[in-house]
Amino acid sequence: MNMYKASGNLVNGWYAAGLSKSFKTKQAKRVEIFEIPIVCWRKEDGSVVALLDKCNHRNVPLSEGKINKDCIVCPYHGWTYDGSGQCVQIPSEGPHTDRIPNKKVKYFPVIEENGLVWLWMGENKNPDRLPFPMPTMKEKGWHSYYMTTYFENNVTDLVENFMDVPHTIFVHKGWFRDRKQIRIGANVERTSDSVLVSYDQSNDAIGFSNKLINPKNLPMKHTDNFYMPNNTRVDYIYGAEERGFIITSTCTPIAPFSTMVYTLISYKFGWMTLLAKMGLNSYTRKVISQDVWIMKLHGDNVKKLGQADYRSTQCDTMHLYIESLRKAATNGEAHPAPIAKEIEFWV
Ligand code: FES
Ligand SMILES: [Fe+2]
């Protein structure tokens, strides 16, 4: 069974196909989502269109062809399709457009928003929701940038990694959080389509330099949220939103152990913002590369040994909730009942 079919209701969502700036007019861009090859291009009016990357004639990838007047021309015999997937010309039929077989190439609804191009992957062509609201933070004082990262692992284990605190003192030792064996309490809540974690540890210190982010030692509010089917948002907010650091990730599954992750880093560091801008990019790159490393090791092992026998402790509660929501969607079952739990662990 291909990945699309095996993913059940998980396909009913908006999946990022790439950063807006990577879609150019007159340039076909091929992406793969749930193992489905898709060709996208930007039309002269600025809108992006997306078709199944498969010519109706002999199934050749259209993405190898050229864009001509907002249409894509198959590289094999030149059948030409508009952005809706309608074949508008078959060169070997000369002027006889009436001889064009009446089958469209499948198209995907597209929305361009918050710096990303999103494709609706649902079976039903009418999307029943909007793309995940990436917090690009237009408010004064906030800045943001995207990172695009390829991971050799699956979406479930990746979103767990993005929501995971205990690994930070090992995988990101000396970079994100140091080991002090301090107790962390958290409230973990599962709704019908999200897992919300709020930590009660207001004096936690993360990152490059706590002095940089939080020189006044304002109390920190840390929340880690997962939103079905493929998004996570980690917030560190200091004081009454005087300063903040938000890491939002949306995962696009390419194949079972192959995922593209679009990470939006949003930050507001007061008068340190400009200074932070310089160091933040290489810092966040370094941290994410450490996750790429551990998630590849993990994925390679899971491929060989499976994952049915995971053992979990309290700090894995949010992961179990994420797994339960994604599994129910995969199997087309009703979502598990909402639940909330207080947990504690030590980092
Ligand atoms: S395969 Fe596309 S035109 Fe023949
Ligand atoms: Fe990490």
Side-chain angles (χ1 to χ4, degrees), residues 28 30 37 39 51-68 71-82 85-94 96-97 99-106 147 149-179 184 197 199 204 206-208 222 224-226 232-236 245-249 251 259 261-265 280 282-299 315-316 318-319 322 345 347:
R30 179 185 162 109
V39 56
L51 301 182
L52 183 64
D53 193 12
K54 173 174 161 286
C55 177
N56 270 344
H57 183 216
R58 287 295 180 270
N59 292 4
V60 159
L62 295 169
S63 56
E64 293 296 319
K66 292 209 163 28
I67 308 290
N68 183 18
C71 292
I72 193 154
V73 183
C74 179
Y76 198 3
H77 313 95
W79 288 30
T80 302
Y81 302 88
D82 69 16
Q86 176 65 51
C87 184
V88 291
Q89 205 202 346
I90 297 179
S92 62
E93 293 301 322
H96 293 281
T97 46
R99 295 184 193 164
I100 293 174
N102 64 350
K103 180 189 166 205
K104 280 186 162 192
V105 174
K106 183 183 157 77
M147 293 191 291
T149 313
Y150 175 66
F151 282 89
E152 292 179 64
N153 211 319
N154 64 73
V155 173
T156 305
D157 283 290
L158 288 175
V159 295
E160 288 186 16
N161 171 260
F162 305 153
M163 297 268 290
D164 186 275
V165 171
H167 86 282
T168 56
I169 58 170
F170 290 95
V171 175
H172 309 301
K173 188 170 187 288
W175 282 87
F176 196 82
R177 195 186 259 112
D178 288 323
R179 187 174 181 181
I184 294 192
V197 186
Y199 294 94
D204 189 14
I206 56 147
F208 23 110
H222 173 196
D224 288 356
N225 295 340
F226 162 74
T232 59
R233 176 172 164 165
V234 172
D235 285 50
Y236 302 98
F245 185 45
I246 305 173
I247 307 149
T248 314
S249 306
C251 300
T259 304
V261 177
Y262 301 92
T263 310
L264 178 72
I265 306 286
L280 203 54
S282 53
Y283 169 77
T284 48
R285 268 273 141 236
K286 173 75 186 171
V287 170
I288 214 163
S289 71
Q290 294 168 332
D291 287 319
V292 168
W293 165 76
I294 195 71
M295 293 319 287
K296 175 176 167 45
L297 291 179
H298 169 267
C315 68
D316 299 305
M318 56 293 259
H319 306 329
I322 291 170
F345 60 91
V347 293

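As the structure lists them, so they are numbered: ligands from 1, and atoms in each ligand from 1.
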Using side chain to side chain contact (heavy atoms under 4.5 Å, CB included), reason through T80 and C87 one step at a time and then give a plain yes or no.
CA-CA 6 Å; T80 302; C87 184; 5.8 Å; no
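- Here R285 contributes atom CZ and M147 contributes atom CE; the two are 5.5 Å apart, rounded to the nearest 0.5 Å.
- Near G78, with a cut-off below 4.0 Å to any heavy atom, the atoms of ligand 1 are 3 (S).
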Steps toward side chain to side chain contact (heavy atoms under 4.5 Å, CB included) verdict (F345, V165)
CA-CA 10 Å; F345 60 91; V165 171; 4.0 Å; yes
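- Here is the list of ligand 1 atoms found below 4.0 Å of a heavy atom in R58: 1 (S).
- Which parts of ligand 1 touch C74 is read off a 4.0 Å heavy-atom cut-off, strictly below it: atoms 1 (S), 2 (Fe), 3 (S).
- Ring to ring, Y236 and Y199 are not that close: their centroids are 6.0 angstrom or more apart.
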When you look at I294 and H298, which way does the side chain to side chain contact (heavy atoms under 4.5 Å, CB included) test go after all the steps?
CA-CA 6 Å; I294 195 71; H298 169 267; 5.5 Å; no
Intermediate values then yes/no, side-chain hydrogen bond (donor to acceptor under 3.5 Å, both in side chains), D164 and N161:
CA-CA 5 Å; D164 186 275; N161 171 260; 5.9 Å; no
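- Under a 4.0 Å criterion applied to the non-hydrogen atoms of W79, ligand 1 contributes the atoms 3 (S).
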Going through the distances and angles, do L62 and K54 end up as a side chain to side chain contact (heavy atoms under 4.5 Å, CB included)?
CA-CA 6 Å; L62 295 169; K54 173 174 161 286; over 6 Å; no
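- Heavy-atom neighbours of K106 NZ from other residues, nucleotides or ligands within 6.0 Å: above the threshold of 12.
- Here is the list of ligand 1 atoms found below 4.0 Å of a heavy atom in H57: 1 (S), 2 (Fe), 3 (S), 4 (Fe).
- Taking a cut-off of under 4.0 Å to the non-hydrogen atoms of H77, the atoms of ligand 1 that pass are 1 (S), 3 (S), 4 (Fe).
- Counting atoms of ligand 1 from 1 in the listed order, those under 4.0 Å from a heavy atom of C55 are 1 (S), 2 (Fe), 3 (S).
- Note on the Fe ion (ligand 2): protein N/O/S atoms under 2.8 Å are H167 NE2, H172 NE2, D291 OD1, D291 OD2.
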Please lay out, stage by stage, how D291 and H167 fare under the test side-chain hydrogen bond (donor to acceptor under 3.5 Å, both in side chains).
CA-CA 9 Å; D291 287 319; H167 86 282; 3.1 Å; yes
